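Written below as structure tokens is the structure these notes are about.
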Amino acid sequence: MKTPKPSPAKLLAWYDIHRRVFPWRALPGERPDPYRVWLSEMMLQQTTVATVGPYFTAFLAKWPRVQDLARAEREDILRAWSGLGYYRRAHALHEAAQQVVTEHDGVFPSSEEALLRLPGCGPYTAAAVAAIAFNQSANVVDGNVERVVARLFAFEMPLPKGRPVLRALAATLVPNARGGDYAQARMDLGSTVCTPRLPACETCPWRATCLAHRLGTETTFPRRTTSKTPRRRLCGFAFVIRDAKGLVLLRLRPPKGLLGGTLGVPTSPWEESPVTLGTARSHAPTAARWTLMPEPVRHVFSHFDLELQVAVATTAKPLEGRWVAPEDFPTEALSTLMRKVLARAGVG
DNA sequence: AATCCGTGGGC
DNA sequence: TGCCCAAGGAT
């Protein structure tokens with residue numbers, strides 16, 4: 001039996017009632033600020049709405065316009081980004097802001113093509129900014145939309161291989177008016193109604209045209225091919241060393257790679273097999289009388305688990321790095337991992 | 001194309 | 001506890 005096409009009008013009528021209010025989202029009748037839309041989308045990449053909220057507010061208060069952000073120091077941006085994760089986004093954010101100022105006279109471009117040239121702005125973010133900030137009928141596809149559309153069509157091709165086909169299917173549903181509302185409506189539907197585990201199909205405006213619902217197999221979509229690479233578990237030592245004044249030695253990590261550009265205590269190399277302090281101490285910033293904290297810090301990254309033993313000592317020697325007072329930790333560009341290490345050492 | 005890149009919350 | 005997922009992008 002043939003299913004009629006899911007109607008944009010029904011979804012938009014639902015959105016007009018159930019739309020959510022966010023600090024970055026314009027109220028009905030308000031003109032969206034492209035800078036705010038872009039800033040929020042950069043933060044929302046693989047990050048939940050609840051987590052982003054305070055960061056967005058803080059960034060906007062500190063750097064109200066793209067020109068302010070472009071002029072900022074990179075480290076100040078990393079300070080404000082501290083704890084949000086995926087620190088490459090913070091670097092890209094700064095570079096993109098500078099690019100908007102120097103190449104677009106401080107005015108955000110409105111075409112997906114131009115937006116795609118900004119660092120950190122990929123297919124999703126370019127489409128989202130074009131739609132939400134400029135009301136274009138862009139095909140905005142995030143994880144929510146993938147799930148919604150896969151269920152609508154009982155889409156059998158497993159992701160990620162089937163992603164291009166699914167995106168094309170999603171594009172056929174985009175109306176030529178209210179592009180911004182439609183993009184946000186599709187994502188709101190996915191995050192509040194068409195959820196991964198327990199979808200609230202009874203309240204869904206697209207229930208009548210959803211093939212998976214008709215089949216009673218909603219939660220089996222989208223299909224996925226499971227990645228077979230086993231998760232690694234790495235071990236190492238973190239060295240927390242203080243001077244006579246109680247200042248802690250911190251070093252800036254290289255700008256690229258894991259936790260790029262953030263501040264942290266020196267560590268030994270991280271390895272697959274457990275190491276002893278006797279071996280690891282050759283990587284310490286200096287020879288000292290190390291006290292080992294009884295419990296290691298365990299931290300979960302996106303692609304491996306880390307277990308760091310925390311060694312603590314005091315020294316009078318001058319060492320390479322920055323000596324930072326614990327009272328300044330809250331505003332420093334520390335990763336969550338390093339905040340855990342400092343807390344475990346009793347200096348956080 | 002598969003891997004790298006953070007963190008927090010839900011169940 | 002362990003796994004999944006979250007307004008993905010770069011290489």
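Throughout, a chain's letter reflects where its sequence line sits, starting with A, and its residues are numbered from 1. Predicted model only: the values in this text are computed from it and were never measured.
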Worksheet item: If you look at every strand shown and take non-hydrogen atoms under 4.0 Å, does A/V140 touch a base, only sugar-phosphate, or nothing?
Response: nothing
Item to complete: Look at A/H299 and B/dG6 and indicate whether a side-chain polar atom (N or O) is within less than 4.0 Å of OP1 or OP2.
Response: no
Discussion item. With a 4.0 Å limit, can you tell me whether A/T336 has a side-chain N or O closer than that to the phosphate oxygens OP1/OP2 of B/dT7?
Written reply: yes
Discussion item. Distance check needed: C/dT1 P versus A/D305 CG, whole Å only.
Written reply: 13 Å
Worksheet entry | B/dC5 to C/dA6 separation - C1' atoms, rounded to the nearest Å | 15 Å
Discussion item. With no hydrogens and no angle check, just 3.5 Å: does a side-chain donor-acceptor pair link A/R186 and A/N139?
Written reply: yes
Discussion item. Using 30° and 60° as the class boundaries, would you call the ring planes of A/F56 and A/W24 parallel, tilted or perpendicular?
Written reply: perpendicular
Discussion item. Any base atoms under 4.0 Å from A/L337, or only sugar-phosphate, or nothing? Heavy atoms, all strands.
Written reply: sugar-phosphate
Worksheet item: Quick one: A/W81 CH2 to B/dT7 C1', roughly how many Å, whole number?
Response: 12 Å
Practice prompt. Could you check how far CZ of A/R298 sits from C1' of B/dG8, rounded to whole Å?
Written response: 19 Å
Worksheet item: When you check the side-chain N and O atoms of A/R74 and A/H91, is any donor under 3.5 Å from an acceptor?
Response: yes
Discussion item. Can you check the distance between B/dG6 and C/dT1, where both ends of the measurement are the P atom (answer in whole Å)?
Written reply: 25 Å
Worksheet entry | Between B/dG6 (C1') and A/M338 (CE): distance, integer Å | 13 Å
Fill in: Donor-acceptor under 3.5 Å (A/D181 side chain, A/R178 main chain)
no
Worksheet item: What does A/G260 touch in the nucleic acid at a heavy-atom separation under 4.0 angstrom: a base, only the sugar-phosphate, or nothing?
Response: nothing
Practice prompt. In whole angstrom, give the distance that lies between atom CZ of A/R89 and atom C1' of B/dC4.
Written response: 14 Å
Practice prompt. Provide, to the nearest angstrom, the distance between the CG atom belonging to A/L258 and the P atom belonging to B/dC4.
Written response: 11 Å
Worksheet entry | Pairwise 5' ranking along DNA chain B for A/K340 and A/F304, keeping only the more 5' one | A/F304
Worksheet item: Are any side-chain N or O atoms of A/R79 and backbone N or O atoms of A/T331, one a donor and one an acceptor, separated by less than 3.5 Å?
Response: yes
Item to complete: Using the P atom on both, measure C/dA7 against B/dG10 and round to a whole Å.
Response: 14 Å
Worksheet item: Roughly how many Å is it from CG in A/L84 to P in B/dC5, rounded to a whole number?
Response: 17 Å
Discussion item. Between A/R89 and A/Q45, is there a side-chain donor-acceptor contact under 3.5 Å, judged purely by atom types and distance?
Written reply: no
Fill in: Whole-Å distance separating the CZ atom of A/R163 from the C1' atom of B/dA2
13 Å
Discussion item. Between the side chains of A/R19 and A/D16, is the shortest nitrogen-to-carboxylate-oxygen separation below 4.0 Å, so that they form an ion pair?
Written reply: no
Fill in: Side-chain N,O (A/H303) to OP1/OP2 (B/dC5) below 4.0 Å
yes
Response to the item:
Under a 4.0 Å heavy-atom criterion, the protein footprint on nucleotides 5-11 of chain C, written with B, S and -, is SBBBBS-
Fill in: Main-chain N/O of A/A287 paired to A/K317 side chain as donor or acceptor, under 3.5 Å
yes
Item to complete: Report the residue (A/F301 or A/P160) whose heavy-atom-nearest nucleotide on DNA chain B is the more 5′ of the two.
Response: A/P160
